[in-house]
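To start, the structure itself, in C-alpha cells.
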Amino acid sequence: MSRNLILGAGLSSLVVLSALVSFVWTPYDYAALNIPAKLQTPNARHWLGTDHFGRDMFSMIMVGARTSIAVALLAVGIGMSLGVPLGLAAAARKGSWLDELIMRGNDLVFAFPSLVIAILITAVFGAGAVNAIIAIGIFNIPVFARITRGAALSLWEREFIMAARVAGKSAAHISAEHILPNVANLLIVQGTIQFSLGILAEAGLSYVGLGAQPPTPSWGRMLADAQTMVSFAPHLALIPGFAIILTVLGLNLMGDGLRDWLDPRIRVARS
Amino acid sequence: MLRYSLKRAFSLAISLAVASLVIFAVIEIAPGDPASFMLGVNAQPDTLAALRTELGLDQSKAERYISWITGMLRGDFGTSYTYRTPVSQMIADRMWVSLPLALYALALSTAIAFPAGIYAASRRGKVGDLTVMSATQLGVAIPNFWFAMMLVLVFAINLRWFNAGGFAGWDKGLAAGLHSLTLPAIALALPQAAILARVMRSALLDILGEDFMRTARAKGLSRRQALWRHGLRNALIPVLTIIGLQFSFLLAGSIIIEQVFYLPGLGRLVFQAISARDLIVVESVVMLLVFAVITVNFLVDLAYAAVDPRLRSRT
Amino acid sequence: MKRFVRQGFVSGLALSAALIAGAAWAKDDITIAMQLEPPHLDPTSAAAQAIDSVVYVNIFEGLTRFMGDGSIVPALAESWEISEDGTVYTFKLHEGVTFHDGSAMDAEDVKFSLDRARAEDSANAQKALFAGIDSVDVVDPLTVKVTLTEPNGNFLFNMAWGDAVIVAPESIENIKTTPVGTGPYTLGEWVQGDKIVLNRNPGYWGAEPALAQATFKFISDPTAAFAAMMAEDVDVFTGFPAPENLPQFEADPRFQVLVGSTEGETILSTNNKQPPFDNIKVRQAMAHAIDRQAIIDGAMFGYGTPIGTHFAPHNPAYVDLTGNSAYDPDKAKALLAEAGFPDGFETTLHLPPPSYARRGGEIIAAQLAAVGIKAEITNVEWAQWLETVFKGKNFGLTIVSHTEPMDIGIYARPEYYFQYDNPAFQELMTTLNSTTDPDKRTELMQQAQRIISEDYVNGYLFQLAALSVAKAGVQGLWANAPTAATDLSAISWSE
C-alpha cells in the first residue's frame with residue numbers, strides 16, 4: 001500500500017467518521033440559533049467559532065459532511081447504475097446502432113454545459129438536495145458508460161471471452177459474468193474520482209443556492225453565507241473551504257493509491 | 001475518410017437537433033411566466049395578456065420551437081424579452097468578455113502546466129516530482145469559487161492591487177482590460193493547470209517508455225535531451241486534446257466566476273436570463289454553447305481520424 | 001502586474017493633480033452603483049424598480065413628483081385646482097418645457113400619456129393608478145383637465161409615481177432603449193450588463209443641476225458591492241445589499257453611511273385561506289412565536305424598525321401596534337393548543353432571493369420550530385415566487401417586503417395572494433379612498449392599521465431600512481426611499 005492510499009484513506013475516513021458521528025452527537029444543535037453569540041472566532045466553547053446566526057461551526061461542518069457525502073454518493077450511484085450497463089451493452093454490440101446511439105447520447109450529455117443545465121434543472125423542479133443529486137448524477141452517466149465500454153471492448157478480444165462465446169453463452173451473460181468482474185477495479189478507482197468531483201459539484205451548486213435547503217447545513221452554502229463577511233470574519237469562509245479541500249484531496253489521493261494498488265495500468269478520466 | 005466524415009457529420013446534425021429539443025423542452029416547462037415577471041405584482045390580467053401577445057408567448061409551443069429553430073438556422077437568435085434587443089447582439093457583446101477570459105485562463109493554465117509537467121517528468125520519483133504532484137493534488141481539490149473569494153480578499157480588498165470585479169472595457173486599452181480579467185483568469189486557471197500538468201507529466205512518462213525513446217537514449221542522449229528532442233512533440237497530442245476540452249469548459253464553466261467578479265460575460269447573461277425568465281436568451285445561449293462543444297468534438301474526432309486511420313473503424 | 005499597478009497609480013496622481021489645479025470648480029461627475037440593472041428604460045411598462053432608480057425625475061417627470069422626505073410637490077404641473085366635489089383636477093402646466101428631442105411638452109402629451117397608461121392594451125404595471133380616470137381633456141396647450149369617476153384622495157400621489165410620467169408620443173416606439181423625457185438628464189450610453197451613463201440636459205426647463213454627468217453601475221453581488229465601494233471604484237452605492245459590512249464603512253473616514261427608511265413593510269405573509277392559517281388563533285400564536293428584534297439583528301445586523309402592522313413608521317398616521325404581537329413563546333404554545341394544535345403542525349415557507357427573506361426565513365423557521373411549527377424552507381427565484389405564491393396562492397408562509405408606498409389597500413382585495421377577506425376592512429378602504437379631508441383620512445388609516453394588526457393577517461416584522469454608502473464628499477443623497485429614485489439634481493460634491 002502506498003503512502004497516497006494511506007493518507008487518502010485516512011483523510012476520507014475522517015470525513016466519513018465525522019459525518020457518521022454527527023447522527024448521534026454534535027457539540028451543539030447544528031440548527032440552534034443564538035444571535036447574541038454570533039460571529040465568534042474559534043474558542044474553547046466553540047472549537048471552530050460561530051456563524052452569523054450564532055450557530056456552532058463545528059457542528060455545522062460535521063453535519064455538512066453528511067450532506068456532501070450523501071449527495072455525491074447518490075449521484076455517483078446514479079451514474080454507475082445507469083452508465084455501467086449502458087457501457088457493457090455498447091461494448092457487447094460494438095458497431096451496432098445501439099452502440100452508436102449510446103455513444104452519441106454520451107457525447108450529447110458531455111456537450112451540455114453542466115452547471116447551466118444543473119441550474120435549469122433546479123429552476124424547473126425547484127432547489128433541493130434531491131435535484132442536486134439528479135443534476136450531478138446525469139453528468140456521471142456518460143463518464144461510467146465511456147470507461148466501461150472502453151475497458152470491456154478490450155476484454156471482448158481476450159481468449160477466455162472467446163471461449164465463453166464458443167460455449168454458446170449470451171452476450172448479456174458474458175457481460176455480467178466475465179466482463180463486469182474484470183472492470184470492477186477500474187470502476188472502483190473511477191468511482192472514487194467521481195465521488196470527489198461530486199463533492200466539488202455539490203459545493204458549487206449549494207454555493208449558488210441550488211443544493212440542500214436550510215436549515216440542513218452544506219459546505220457550499222456556508223461559503224455563500226460567509227461571502228460578505230470574509231473581510232471581518234474570515235474563519236467563516238476558511239473553515240468550510242478547508243473542509244471541502246481536505247475531503248476532495250483525501251478522495252483523490254485514495255483514488256490514485258487504489259489505482260496503484262489494484263492495477264497500475266488503469267487509466268482514469270479526470271475533467 | 002470521406003465516408004467516415006459524412007457519417008460523423010450526420011450524427012453531428014442529429015445531436016444538434018436532439019440538443020435543441022431538449023433545451024427547448026426543459027426551458028419551456030420551467031415554472032414562471034416572463035410577462036408576469038416583467039410586470040410585477042400589480043399587473044392586471046389584460047395588461048399581461050397584451051404583453052404576452054407582444055412577446056409572442058400566446059403562440060403554441062410547437063410554433064415557437066419552429067420559429068426559434070428556423071431563426072437560428074438563418075442566424076437570427078430572436079429578441080430578448082427583457083432587454084428588447086437582438087439576442088445575437090447581446091451574445092456578441094458578452095463574447096468580448098467571456099472569450100478573452102477563457103483564452104487568458106487557458107494561456108495561464110498552459111504557462112503553469114507545461115513547465116510543471118515537464119519538470120516533474122524529468123525528475124520522476126524525486127523530490128521535485130513529488131512536490132509538483134502534491135501541488136497539483138491540492139490544485140484539483142480547491143473549488144474555484146472559493147479560490148476566487150480568497151483572491152478578492154487578499155488582492156482586491158487588502159492589497160488593492162486589482163479591482164474586486166467588473167470589467168474596464170476594451171476601449172480603455174488592452175492593459176486595462178487584461179488587468180480586470182486577471183484575478184478571474186487566475187481563479188479559473190488554477191484547477192485547469194493542475195489537471196493539465198498531470199496529463200503533461202504522464203504523457204511524457206508514457207513516451208519515455210516507448211521504443212524510439214529507448215533508441216534515442218541508446219544513441220547516447222541524456223534523459224533530459226531525449227525528452228526535449230523527441231518526447232515533447234509526441235506528448236503534445238493528449239495534451240492538446242485536454243486543452244481543447246478545457247477551452248469549451250472554460251467558456252461555459254465561468255458562470256460562477258463571472259458572478260463572483262461581476263463580469264458582464266456569457267455566464268452571467270445566462271444566470272440573469274434564467275432568473276428573469278428571458279427564455280429566448282437562455283435557449284439561444286445554451287444552444288450556442290452546446291453547438292460549440294459538439295463542433296469542437298467533431299473536429300477533434302476528424303483530426304484524429306486523419307492522423308490515425310485505425311480510429312475510423314471505431315464507430 | 002506591477003506595470004498595471006503603477007499605471008493606475010500614475011493616472012490616480014494625474015487625476016488628483018487635475019483636482020488640485022481645478023479647485024475652483026468642484027467635481028461634477030459621479031458614479032452611482034446599485035444592485036439591479038433595469039431591463040429597459042420605460043417606467044410606464046414594467047414593474048422593475050431598477051428602471052425608476054435610473055430614470056425617475058432624471059429622464060422622465062410626471063405632473064407631480066416625490067421629494068426625498070416623501071412629500072408630493074408640483075413637477076410638470078405648475079399648479080392645479082380641484083373641483084368642489086373632488087372629481088375634476090385642472091392642471092396648469094409649466095411653460096417652455098421641451099422633450100429631449102426638442103419638441104414642446106404640452107397638454108396633448110399629458111393626455112396622450114394618461115390615455116396610453118389606462119388604455120385597453122396598456123402595458124402599464126400599475127394600471128390601477130389610472131383606474132379612476134373618466135376622461136382627460138385638453139383645455140388649452142398649457143391646461144389639462146382630468147375628470148374622475150369618483151373623488152380620490154390619492155390622485156395627486158398616484159400621479160407622482162414613475163408609472164405616471166409624461167412621455168412623448170413620437171418616442172414610444174423606441175422608448176425602451178431611447179427614452180425621451182423632459183427631465184434634467186438625457187441618456188448618454190448604455191453598456192448592457194455594466195452601466196448606464198446620463199448627461200446633463202442643457203435645454204432643461206428647471207434649475208441646472210450641479211452634476212454634468214452621472215454613471216449608474218450595476219453590481220448585483222454583495223461581496224463585489226463591498227469591494228467596489230472599499231476600492232473607491234464607485235462614489236455611491238444606493239440600496240447597499242450587505243448590512244453586515246456597514247460598520248466597516250462607518251469606521252472609515254473616507255465614507256459616509258446613510259441609514260433611512262423605505263416604504264418596504266417586511267412581513268411574514270400568511271395564506272389566510274389555507275388551513276390552519278384560516279384560524280385566527282393560529283396566526284396569533286405565530287405572531288407571538290416570532291422575536292422581531294432577533295430577526296432585525298440576525299438578518300439585517302440591526303438595521304430596520306419593528307412594525308406591528310402594515311404601515312410605514314415614518315408616516316405621521318402610523319400607530320405602534322408591536323405590542324399586539326410581543327415575543328412570548330409560551331403564550332404562542334398555549335394559543336396553538338387552544339386552536340387544536342398542541343403539537344404544532346407542518347407548513348411551507350417560500351423565500352425569494354433578497355437576504356432579508358433568505359436570512360430572515362432561516363431565523364423565523366427556527367423560532368417557529370421552537371413552538372412546534374415545522375416550516376419547510378423552499379428558496380425560490382422571483383419568477384417562481386410570482387408563479388407559485390403570488391399567482392398560484394400555493395403556499396403556507398412567505399417573506400416579502402411590500403415596497404409600494406401606502407399599500408395598506410391590498411388588504412381590501414380578497415383575491416390578493418394572502419387572501420384576507422374582511423368586508424368591514426374593505427368598506428373602510430372605500431371610505432378612505434373617497435375621503436379628502438386630511439384629519440379624517442388619518443383617523444381612517446389608523447383604524448385600518450388596527451384592524452389588520454388585531455386580525456393577525458400576516459406576521460409584521462420590520463420596516464426595511466434604506467442603506468446607502470457614499471464617499472464622504474457626496475451631498476444631497478436621499479436618505480429615505482419614499483419611491484425608487486436617484487434624484488441626481490439634488491446631488492453635489494462638497495469642496
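Chain identifiers are assigned alphabetically (A, B, ...) following the order of the sequence lines, protein sequences preceding nucleic acid strands; residue numbering begins at 1 within each chain.
Residue-environment remark: CZ (Phe298(B)) exceeds the threshold of 12 foreign heavy atoms within 6.0 Å.
Heavy-atom distances place both the backbone and the side chain of Ile142(B) under 4.5 Å from chain A. The contact between Leu130(B) and chain A is made entirely by side chain atoms (from C-beta outward), counting heavy-atom distances below 4.5 Å. Contacts between Phe271(B) and chain A at a heavy-atom distance below 4.5 Å involve the side chain alone, from C-beta outward. If you measure heavy-atom distances from Leu108(A) to chain B, the contacts under 4.5 Å come from the side chain alone. Contact annotation for Val152(B): neither backbone nor side-chain heavy atoms come within less than 4.5 Å of a heavy atom of chain A. The part of Val270(B) that comes within reach of chain A is its side chain, from C-beta onward, which places non-hydrogen atoms under 4.5 angstrom from that chain.
Between Gln227(A) and Phe145(B) there is no side-chain heavy-atom pair separated by less than 4.5 Å. Side-chain atoms of Arg198(B) and Asp256(A), non-hydrogen and from C-beta on, do get closer than 4.5 Å to each other.
In terms of non-hydrogen atom pairs under 4.5 Å with chain B, the most contact-rich of Ala226(A), Gly250(A), Ala203(A) is Ala203(A).
The minimum heavy-atom distance between Val248(A) and Val140(B), with the atom names listed, is CG1-O, 4.4 Å. The minimum heavy-atom distance linking Ala141(B) with Leu200(A) is given by the pair O-CD2, 3.8 Å. Pairing each heavy atom of Leu253(A) with each of Gln137(B), the nearest pair is CD2-NE2, 3.5 Å.
Proximity to chain B among residues 234-247 of chain A is limited to Ala237(A), Leu238(A), Gly241(A), Phe242(A), Ile244(A), Ile245(A), judged by heavy-atom separations below 4.5 angstrom.
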